[in-house]
Amino acid sequence: MKAEILRLIRANDGITCRQICEKLHMSKGAVERIVAQLVAEGYDIEEDEEKGYVMYSYPEFITSHELMSRVTTKWAGRTVYFRKETASTNEDAAELAGEGKEHGTLVVTDYQTAGHGRCGRGWEAEQGDSIAMTLLLRPKVKPDKASMITLVMALAVADVLSKLTEETVKIKWPNDILVNNKKVCGILTQMDTKPDKVNYVIVGVGINVNNCIFSPEVSKIASSLLNETGNKYSRADIIIGIMDHFEYYYDMFEEIGDLSFMVSMYDGYLVNKDKEVRVLDPKGEFTGTADGINDYGELIVQKEDGSFTRVDSGEVSVRGIYGYV
Ligand code: ATP
(Lines give C-alpha, C1' and ligand atoms only; values in the text may rest on other atoms or scores of the structure.)
Protein backbone atom coordinates (compact mmCIF):
# COMPACT_ATOMS: atom_id res chain seq x y z
CA MET A 1 0.00 0.00 0.00
CA LYS A 2 2.96 2.33 0.57
CA ALA A 3 3.76 2.26 -3.16
CA GLU A 4 0.13 2.94 -4.11
CA ILE A 5 -0.12 5.90 -1.73
CA LEU A 6 3.18 7.28 -3.00
CA ARG A 7 2.01 6.84 -6.59
CA LEU A 8 -1.18 8.78 -5.90
CA ILE A 9 0.61 11.60 -4.12
CA ARG A 10 3.18 11.78 -6.95
CA ALA A 11 0.57 11.80 -9.69
CA ASN A 12 -1.46 14.65 -8.23
CA ASP A 13 -0.74 18.21 -7.37
CA GLY A 14 -2.44 17.60 -4.05
CA ILE A 15 -4.67 14.73 -3.00
CA THR A 16 -6.64 14.60 0.22
CA CYS A 17 -6.47 11.82 2.76
CA ARG A 18 -10.11 11.15 2.11
CA GLN A 19 -9.57 10.73 -1.65
CA ILE A 20 -6.76 8.26 -0.98
CA CYS A 21 -8.98 6.33 1.47
CA GLU A 22 -11.71 6.06 -1.15
CA LYS A 23 -9.39 5.05 -3.98
CA LEU A 24 -7.49 2.43 -2.00
CA HIS A 25 -10.28 1.34 0.38
CA MET A 26 -8.18 2.19 3.41
CA SER A 27 -8.97 3.77 6.75
CA LYS A 28 -7.90 7.35 7.50
CA GLY A 29 -5.64 6.11 10.30
CA ALA A 30 -3.86 3.65 8.01
CA VAL A 31 -3.22 6.30 5.33
CA GLU A 32 -1.95 8.81 7.90
CA ARG A 33 0.36 6.18 9.39
CA ILE A 34 1.91 5.40 6.01
CA VAL A 35 2.31 9.07 5.05
CA ALA A 36 4.05 9.64 8.41
CA GLN A 37 6.41 6.76 7.61
CA LEU A 38 7.21 8.27 4.21
CA VAL A 39 7.94 11.65 5.80
CA ALA A 40 10.20 9.96 8.36
CA GLU A 41 12.07 8.27 5.48
CA GLY A 42 12.82 11.65 3.91
CA TYR A 43 9.92 12.31 1.52
CA ASP A 44 9.02 15.99 1.71
CA ILE A 45 5.23 15.62 1.85
CA GLU A 46 3.14 18.36 3.39
CA GLU A 47 -0.58 18.50 4.04
CA ASP A 48 -2.17 21.59 2.56
CA GLU A 49 -5.55 22.55 3.99
CA GLU A 50 -7.21 22.74 0.58
CA LYS A 51 -5.13 20.55 -1.70
CA GLY A 52 -4.32 17.76 0.73
CA TYR A 53 -0.98 15.94 0.52
CA VAL A 54 1.60 17.55 -1.78
CA MET A 55 5.07 16.13 -2.40
CA TYR A 56 7.81 18.73 -2.84
CA SER A 57 10.84 16.47 -3.05
CA TYR A 58 11.84 12.89 -2.58
CA PRO A 59 15.01 11.08 -1.54
CA GLU A 60 17.37 9.20 -3.90
CA PHE A 61 16.12 5.76 -2.94
CA ILE A 62 15.73 2.51 -4.84
CA THR A 63 13.38 0.94 -2.33
CA SER A 64 10.50 -1.15 -3.61
CA HIS A 65 7.88 1.53 -2.88
CA GLU A 66 9.96 4.24 -4.57
CA LEU A 67 10.38 2.18 -7.75
CA MET A 68 6.88 0.68 -7.78
CA SER A 69 5.31 4.12 -7.38
CA ARG A 70 7.20 5.35 -10.44
CA VAL A 71 7.21 2.57 -13.04
CA THR A 72 5.01 3.15 -16.04
CA THR A 73 5.41 -0.32 -17.56
CA LYS A 74 2.80 -3.03 -18.07
CA TRP A 75 4.82 -5.80 -16.39
CA ALA A 76 8.55 -5.04 -16.07
CA GLY A 77 9.39 -4.03 -12.52
CA ARG A 78 5.76 -3.67 -11.40
CA THR A 79 6.66 -5.82 -8.40
CA VAL A 80 9.97 -4.96 -6.78
CA TYR A 81 11.82 -6.71 -3.97
CA PHE A 82 14.36 -4.42 -2.33
CA ARG A 83 17.25 -5.80 -0.26
CA LYS A 84 19.39 -3.39 1.75
CA GLU A 85 22.26 -5.84 1.29
CA THR A 86 22.46 -9.20 -0.39
CA ALA A 87 25.04 -11.64 -1.74
CA SER A 88 23.59 -11.75 -5.26
CA THR A 89 20.37 -10.45 -6.78
CA ASN A 90 20.52 -13.29 -9.34
CA GLU A 91 20.43 -15.82 -6.50
CA ASP A 92 17.54 -13.92 -4.86
CA ALA A 93 15.62 -13.84 -8.13
CA ALA A 94 16.17 -17.58 -8.65
CA GLU A 95 14.72 -18.16 -5.19
CA LEU A 96 11.71 -15.96 -5.98
CA ALA A 97 11.26 -17.83 -9.27
CA GLY A 98 11.15 -21.09 -7.31
CA GLU A 99 8.38 -19.58 -5.17
CA GLY A 100 6.38 -18.94 -8.34
CA LYS A 101 6.78 -15.15 -8.54
CA GLU A 102 5.50 -13.61 -11.74
CA HIS A 103 7.09 -12.50 -15.01
CA GLY A 104 8.62 -9.05 -14.58
CA THR A 105 9.41 -9.31 -10.88
CA LEU A 106 12.49 -7.22 -10.09
CA VAL A 107 15.02 -7.62 -7.28
CA VAL A 108 17.24 -4.63 -6.44
CA THR A 109 19.79 -4.05 -3.75
CA ASP A 110 21.73 -1.17 -2.28
CA TYR A 111 24.75 -3.38 -1.84
CA GLN A 112 25.59 -6.62 -3.58
CA THR A 113 28.41 -8.31 -1.71
CA ALA A 114 29.12 -11.37 -3.88
CA GLY A 115 27.96 -10.51 -7.39
CA HIS A 116 29.30 -12.52 -10.27
CA GLY A 117 29.83 -12.24 -14.00
CA ARG A 118 29.98 -14.96 -16.64
CA CYS A 119 31.96 -18.15 -16.06
CA GLY A 120 32.08 -17.53 -12.31
CA ARG A 121 34.01 -14.25 -12.59
CA GLY A 122 33.47 -11.69 -9.80
CA TRP A 123 31.51 -8.43 -10.01
CA GLU A 124 32.47 -5.49 -7.76
CA ALA A 125 29.94 -3.04 -6.32
CA GLU A 126 29.99 -0.13 -3.90
CA GLN A 127 27.45 0.29 -1.15
CA GLY A 128 24.70 2.71 -2.10
CA ASP A 129 26.39 3.89 -5.29
CA SER A 130 25.94 1.21 -7.91
CA ILE A 131 22.99 -0.65 -9.37
CA ALA A 132 22.66 -4.39 -8.89
CA MET A 133 19.33 -5.71 -10.04
CA THR A 134 17.81 -8.83 -11.54
CA LEU A 135 14.66 -9.17 -13.59
CA LEU A 136 12.75 -12.44 -13.47
CA LEU A 137 11.19 -13.48 -16.78
CA ARG A 138 8.98 -16.36 -17.78
CA PRO A 139 9.53 -16.38 -21.54
CA LYS A 140 7.20 -18.06 -23.98
CA VAL A 141 10.08 -18.68 -26.40
CA LYS A 142 11.89 -22.02 -26.70
CA PRO A 143 15.08 -22.58 -24.63
CA ASP A 144 17.43 -22.12 -27.61
CA LYS A 145 16.20 -18.53 -27.97
CA ALA A 146 16.47 -17.48 -24.34
CA SER A 147 20.11 -16.38 -24.48
CA MET A 148 19.10 -13.63 -26.94
CA ILE A 149 17.49 -11.83 -23.99
CA THR A 150 20.97 -10.70 -22.90
CA LEU A 151 21.23 -8.64 -26.08
CA VAL A 152 17.74 -7.22 -25.59
CA MET A 153 18.79 -6.01 -22.14
CA ALA A 154 22.09 -4.67 -23.48
CA LEU A 155 20.20 -2.55 -26.02
CA ALA A 156 17.82 -1.23 -23.35
CA VAL A 157 20.71 -0.26 -21.04
CA ALA A 158 22.68 1.34 -23.88
CA ASP A 159 19.66 3.45 -24.89
CA VAL A 160 19.10 4.68 -21.34
CA LEU A 161 22.75 5.46 -20.60
CA SER A 162 23.35 7.23 -23.88
CA LYS A 163 20.27 9.42 -23.46
CA LEU A 164 21.15 10.21 -19.86
CA THR A 165 24.88 10.87 -20.12
CA GLU A 166 25.13 12.10 -23.73
CA GLU A 167 28.52 10.35 -23.79
CA THR A 168 29.63 7.74 -26.33
CA VAL A 169 27.92 4.54 -25.27
CA LYS A 170 28.89 1.25 -26.87
CA ILE A 171 28.10 -2.42 -26.44
CA LYS A 172 30.88 -4.99 -26.32
CA TRP A 173 29.19 -8.09 -27.65
CA PRO A 174 27.26 -9.63 -26.13
CA ASN A 175 26.81 -8.31 -22.61
CA ASP A 176 29.00 -5.35 -21.62
CA ILE A 177 28.07 -1.69 -21.90
CA LEU A 178 30.88 0.80 -22.26
CA VAL A 179 30.97 4.54 -21.76
CA ASN A 180 33.95 6.13 -23.47
CA ASN A 181 35.28 2.60 -24.04
CA LYS A 182 35.23 1.77 -20.31
CA LYS A 183 32.98 -0.95 -18.97
CA VAL A 184 30.22 0.52 -16.81
CA CYS A 185 27.72 -2.32 -16.99
CA GLY A 186 27.72 -6.09 -17.14
CA ILE A 187 24.76 -8.38 -17.75
CA LEU A 188 24.49 -11.96 -16.54
CA THR A 189 21.60 -14.05 -17.85
CA GLN A 190 20.87 -17.40 -16.25
CA MET A 191 18.03 -19.79 -16.91
CA ASP A 192 16.20 -22.83 -15.74
CA THR A 193 14.91 -24.94 -18.61
CA LYS A 194 13.24 -28.22 -19.49
CA PRO A 195 14.06 -29.83 -22.87
CA ASP A 196 11.44 -27.79 -24.73
CA LYS A 197 10.32 -25.18 -22.20
CA VAL A 198 11.89 -22.31 -20.32
CA ASN A 199 10.86 -22.35 -16.67
CA TYR A 200 12.39 -18.96 -16.02
CA VAL A 201 15.17 -16.62 -17.08
CA ILE A 202 16.86 -14.19 -14.75
CA VAL A 203 18.69 -11.19 -16.17
CA GLY A 204 21.15 -9.62 -13.76
CA VAL A 205 22.39 -6.11 -14.47
CA GLY A 206 25.25 -4.41 -12.64
CA ILE A 207 25.89 -0.72 -13.38
CA ASN A 208 28.61 1.51 -11.98
CA VAL A 209 26.71 4.71 -11.35
CA ASN A 210 28.12 6.97 -8.61
CA ASN A 211 30.91 4.67 -7.46
CA CYS A 212 34.52 5.55 -8.10
CA ILE A 213 36.67 2.90 -6.45
CA PHE A 214 37.64 -0.31 -8.25
CA SER A 215 40.26 -2.93 -7.53
CA PRO A 216 43.50 -2.33 -9.50
CA GLU A 217 42.67 -5.25 -11.80
CA VAL A 218 39.12 -4.07 -12.64
CA SER A 219 40.05 -0.38 -12.90
CA LYS A 220 42.09 -1.18 -16.02
CA ILE A 221 38.89 -1.77 -17.98
CA ALA A 222 36.07 -0.34 -15.84
CA SER A 223 34.64 3.05 -14.97
CA SER A 224 31.44 4.58 -13.66
CA LEU A 225 29.03 7.20 -14.91
CA LEU A 226 30.37 9.55 -12.22
CA ASN A 227 33.99 9.00 -13.29
CA GLU A 228 33.19 9.47 -16.97
CA THR A 229 30.94 12.52 -16.70
CA GLY A 230 31.70 14.16 -13.37
CA ASN A 231 27.97 13.99 -12.58
CA LYS A 232 26.02 11.97 -10.07
CA TYR A 233 22.95 10.17 -11.40
CA SER A 234 19.75 8.93 -9.81
CA ARG A 235 19.82 5.15 -9.72
CA ALA A 236 16.03 5.08 -9.57
CA ASP A 237 15.79 7.12 -12.80
CA ILE A 238 18.11 4.64 -14.52
CA ILE A 239 16.23 1.57 -13.26
CA ILE A 240 12.86 3.03 -14.28
CA GLY A 241 14.24 3.91 -17.72
CA ILE A 242 15.65 0.43 -18.23
CA MET A 243 12.37 -1.24 -17.27
CA ASP A 244 10.60 0.92 -19.80
CA HIS A 245 13.00 0.30 -22.70
CA PHE A 246 13.47 -3.37 -21.89
CA GLU A 247 9.74 -4.07 -21.80
CA TYR A 248 9.27 -2.39 -25.17
CA TYR A 249 12.05 -4.40 -26.86
CA TYR A 250 11.27 -7.65 -25.04
CA ASP A 251 7.63 -7.64 -26.14
CA MET A 252 8.80 -7.26 -29.73
CA PHE A 253 11.33 -10.05 -29.28
CA GLU A 254 8.63 -12.40 -27.97
CA GLU A 255 6.23 -11.53 -30.72
CA ILE A 256 8.77 -11.86 -33.54
CA GLY A 257 10.78 -14.71 -32.01
CA ASP A 258 14.23 -13.35 -32.89
CA LEU A 259 16.26 -10.14 -32.84
CA SER A 260 15.67 -9.10 -36.46
CA PHE A 261 13.85 -5.96 -35.31
CA MET A 262 16.89 -4.68 -33.39
CA VAL A 263 19.94 -5.83 -35.38
CA SER A 264 20.65 -2.38 -36.81
CA MET A 265 20.07 -0.64 -33.46
CA TYR A 266 22.38 -3.10 -31.68
CA ASP A 267 25.03 -2.89 -34.41
CA GLY A 268 24.85 0.89 -34.11
CA TYR A 269 26.19 0.53 -30.57
CA LEU A 270 28.57 -2.35 -31.31
CA VAL A 271 32.11 -1.35 -30.32
CA ASN A 272 33.53 -4.34 -32.20
CA LYS A 273 31.83 -3.50 -35.50
CA ASP A 274 34.28 -3.61 -38.40
CA LYS A 275 37.13 -3.99 -35.91
CA GLU A 276 39.65 -6.74 -35.55
CA VAL A 277 38.72 -9.06 -32.71
CA ARG A 278 40.18 -12.00 -30.87
CA VAL A 279 37.61 -14.71 -30.26
CA LEU A 280 38.48 -16.62 -27.11
CA ASP A 281 36.76 -19.88 -27.93
CA PRO A 282 37.63 -22.80 -25.63
CA LYS A 283 37.71 -24.94 -28.79
CA GLY A 284 40.38 -22.71 -30.34
CA GLU A 285 41.20 -19.01 -30.33
CA PHE A 286 41.10 -17.08 -33.62
CA THR A 287 41.16 -13.53 -34.93
CA GLY A 288 39.04 -11.83 -37.54
CA THR A 289 36.91 -8.77 -38.27
CA ALA A 290 33.56 -8.40 -36.51
CA ASP A 291 30.78 -7.74 -38.99
CA GLY A 292 27.81 -7.32 -36.65
CA ILE A 293 25.15 -9.56 -35.15
CA ASN A 294 22.64 -11.73 -36.98
CA ASP A 295 18.94 -12.22 -36.18
CA TYR A 296 19.85 -14.71 -33.45
CA GLY A 297 22.34 -12.50 -31.64
CA GLU A 298 25.40 -14.37 -32.87
CA LEU A 299 28.44 -12.29 -33.80
CA ILE A 300 29.45 -12.67 -37.42
CA VAL A 301 33.22 -12.64 -37.77
CA GLN A 302 35.15 -12.68 -41.01
CA LYS A 303 38.24 -14.81 -40.58
CA GLU A 304 41.59 -13.99 -42.13
CA ASP A 305 40.97 -16.51 -44.94
CA GLY A 306 37.87 -14.52 -45.94
CA SER A 307 35.29 -16.99 -44.63
CA PHE A 308 32.53 -15.90 -42.29
CA THR A 309 31.79 -17.65 -39.02
CA ARG A 310 29.02 -17.23 -36.47
CA VAL A 311 30.12 -16.86 -32.87
CA ASP A 312 27.64 -17.98 -30.26
CA SER A 313 27.84 -16.20 -26.90
CA GLY A 314 27.92 -19.39 -24.74
CA GLU A 315 31.37 -19.74 -23.24
CA VAL A 316 33.06 -17.48 -25.77
CA SER A 317 34.58 -14.06 -25.03
CA VAL A 318 35.52 -11.45 -27.61
CA ARG A 319 38.37 -9.01 -27.11
CA GLY A 320 39.96 -6.27 -29.15
CA ILE A 321 43.16 -7.21 -30.82
CA TYR A 322 45.28 -5.14 -28.41
CA GLY A 323 43.17 -5.33 -25.25
CA TYR A 324 39.67 -5.37 -23.82
CA VAL A 325 38.09 -3.54 -26.79
P1 ATP B 1 33.13 -11.42 -21.48
O2 ATP B 1 33.66 -10.69 -22.63
O3 ATP B 1 33.29 -12.88 -21.59
O4 ATP B 1 31.77 -10.98 -21.07
P5 ATP B 1 34.07 -10.07 -19.14
O6 ATP B 1 35.45 -9.98 -18.57
O7 ATP B 1 33.45 -8.82 -19.59
O8 ATP B 1 34.15 -11.07 -20.33
P9 ATP B 1 31.81 -10.66 -17.41
O10 ATP B 1 31.42 -11.96 -16.90
O11 ATP B 1 30.87 -9.92 -18.30
O12 ATP B 1 33.19 -10.86 -18.11
O13 ATP B 1 32.10 -9.74 -16.16
C14 ATP B 1 33.01 -10.12 -15.15
C15 ATP B 1 34.28 -9.31 -15.27
O16 ATP B 1 33.98 -7.92 -15.20
C17 ATP B 1 35.28 -9.53 -14.14
O18 ATP B 1 36.15 -10.57 -14.45
C19 ATP B 1 36.02 -8.19 -14.04
O20 ATP B 1 37.07 -8.13 -14.97
C21 ATP B 1 34.99 -7.20 -14.51
N22 ATP B 1 34.33 -6.47 -13.40
C23 ATP B 1 34.09 -6.84 -12.13
N24 ATP B 1 33.43 -5.90 -11.46
C25 ATP B 1 33.22 -4.88 -12.33
C26 ATP B 1 32.57 -3.63 -12.25
N27 ATP B 1 31.98 -3.19 -11.15
N28 ATP B 1 32.57 -2.87 -13.36
C29 ATP B 1 33.14 -3.27 -14.51
N30 ATP B 1 33.75 -4.45 -14.66
C31 ATP B 1 33.80 -5.25 -13.59
Side-chain angles (χ1 to χ4, degrees), residues 86-91 108-134 147-151 153-155 157-158 161 165 167 169-191 202-229 233 235 238 266 269-273 275-283 285-288 290 293 297-299 301 311-325:
T86 192
S88 149
T89 54
N90 269 30
E91 282 165 23
V108 296
T109 186
D110 239 351
Y111 186 31
Q112 180 172 249
T113 55
H116 40 92
R118 301 201 306 157
C119 314
R121 292 182 281 248
W123 184 263
E124 299 176 2
E126 248 172 78
Q127 190 160 13
D129 281 329
S130 35
I131 290 175
M133 64 177 180
T134 301
S147 63
M148 295 182 214
I149 295 170
T150 300
L151 284 83
M153 181 58 90
L155 179 62
V157 173
L161 297 190
T165 65
E167 298 286 333
V169 173
K170 294 280 177 193
I171 299 174
K172 185 176 83 67
W173 181 89
N175 65 331
D176 294 342
I177 316 300
L178 319 175
V179 173
N180 303 332
N181 276 351
K182 291 278 197 163
K183 178 168 171 178
V184 300
C185 166
I187 298 167
L188 178 66
T189 302
Q190 296 173 297
M191 60 191 91
I202 50 180
V203 191
V205 180
I207 308 179
N208 306 319
V209 182
N210 300 321
N211 44 330
C212 39
I213 303 161
F214 299 98
S215 67
E217 192 52 38
V218 168
S219 66
K220 287 181 201 151
I221 58 157
S223 190
S224 65
L225 302 187
L226 173 63
N227 281 355
E228 290 310 303
T229 65
Y233 292 91
R235 290 176 301 159
I238 296 172
Y266 188 96
Y269 284 116
L270 191 62
V271 73
N272 323 92
K273 181 136 177 64
K275 300 258 172 62
E276 263 198 278
V277 289
R278 242 172 349 119
V279 179
L280 311 177
D281 187 335
K283 288 188 240 109
E285 215 178 293
F286 63 92
T287 55
I293 62 163
E298 295 162 322
L299 188 69
V301 177
V311 183
D312 177 57
S313 58
E315 300 285 289
V316 176
S317 294
V318 167
R319 296 283 179 271
I321 207 81
Y322 299 115
Y324 175 63
V325 286

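In each ligand, atom 1 is the first atom listed, and ligand 1 is the first ligand listed.
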Is W173 close to ligand 1, meaning an N/O of one under 3.5 Å from an N/O of the other?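 Between W173 and ligand 1 (N or O atoms, distance only) the closest approach is not under 3.5 Å.
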Option with minimal heavy-atom separation from atom 8 (O) of ligand 1, where the choices are R118, K172, R319: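 It is R319 whose heavy atom sits nearest to atom 8 (O) of ligand 1.
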Would a distance-only check, ignoring hydrogens and angles, find a side-chain to backbone donor-acceptor pair under 3.5 Å from N210 to L226?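 Here the side-chain-to-backbone pair does not exist.
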Any donor-acceptor N/O pair, Q112 side chain to T89 backbone, under 3.5 Å: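 Yes, because the side chain of Q112 sits within donor-acceptor range (under 3.5 Å) of the backbone of T89.
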Closest protein heavy atom (residue, atom, distance) for [atom]:
atom                    : answer
atom 27 (N) of ligand 1 : E124 O, 2.8 Å
atom 20 (O) of ligand 1 : I221 CD1, 3.9 Å
atom 31 (C) of ligand 1 : W123 CZ3, 3.3 Å
atom 4 (O) of ligand 1  : N175 OD1, 3.1 Å
atom 19 (C) of ligand 1 : V218 CG2, 3.9 Å
atom 15 (C) of ligand 1 : K183 NZ, 3.7 Å

Can you tell me how far the [atom1] atom of [X] sits from the [atom2] atom of [Y], to the nearest 0.5 Å?
X    : Y    : atom1 : atom2 : answer
R235 : M133 : CZ    : CE    : 11.5 Å
S224 : I131 : OG    : CD1   : 11.5 Å
N272 : W173 : CG    : CH2   : 9.0 Å
L225 : K182 : CG    : NZ    : 14.0 Å

Report the part of [X] (side chain from C-beta onward, or backbone N, CA, C, O) that has a heavy atom under 4.0 Å from ligand 1; answer both or neither where that applies.
X    : answer
N208 : side chain
R121 : side chain
H116 : neither
E217 : neither
L280 : neither

Considering only heavy atoms of S317, which atoms of ligand 1 have at least one such atom less than 4.0 Å away?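 Result: 1 (P), 2 (O), 3 (O).
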Those atoms of ligand 1 less than 4.0 Å from some heavy atom in A222: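 Near A222, meaning under 4.0 Å from one of its heavy atoms, ligand 1 has 28 (N), 29 (C), 30 (N).
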Polar side chain donor-acceptor pair, E124 to S215, under 3.5 angstrom: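 A pair is found: one side chain offers a donor N or O, the other an acceptor, under 3.5 Å apart.
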W123 vs N90 side-chain heavy atoms within contact, under 4.5 Å: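 Counting from C-beta outward, W123 and N90 never come under 4.5 Å.
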Could you check whether any side-chain heavy atom of F286 comes within less than 4.5 Å of a side-chain heavy atom of V311, counting everything from C-beta outward?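 Yes, their side chains come closer than 4.5 Å.
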V203 to I187 - nearest heavy-atom pair and separation: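 It is CG1-CG2, 3.8 Å.
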Between ligand 1 and G122, can you find any atom pair, the residue atom being a heavy atom, that is separated by under 4.0 Å?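 Contact present.
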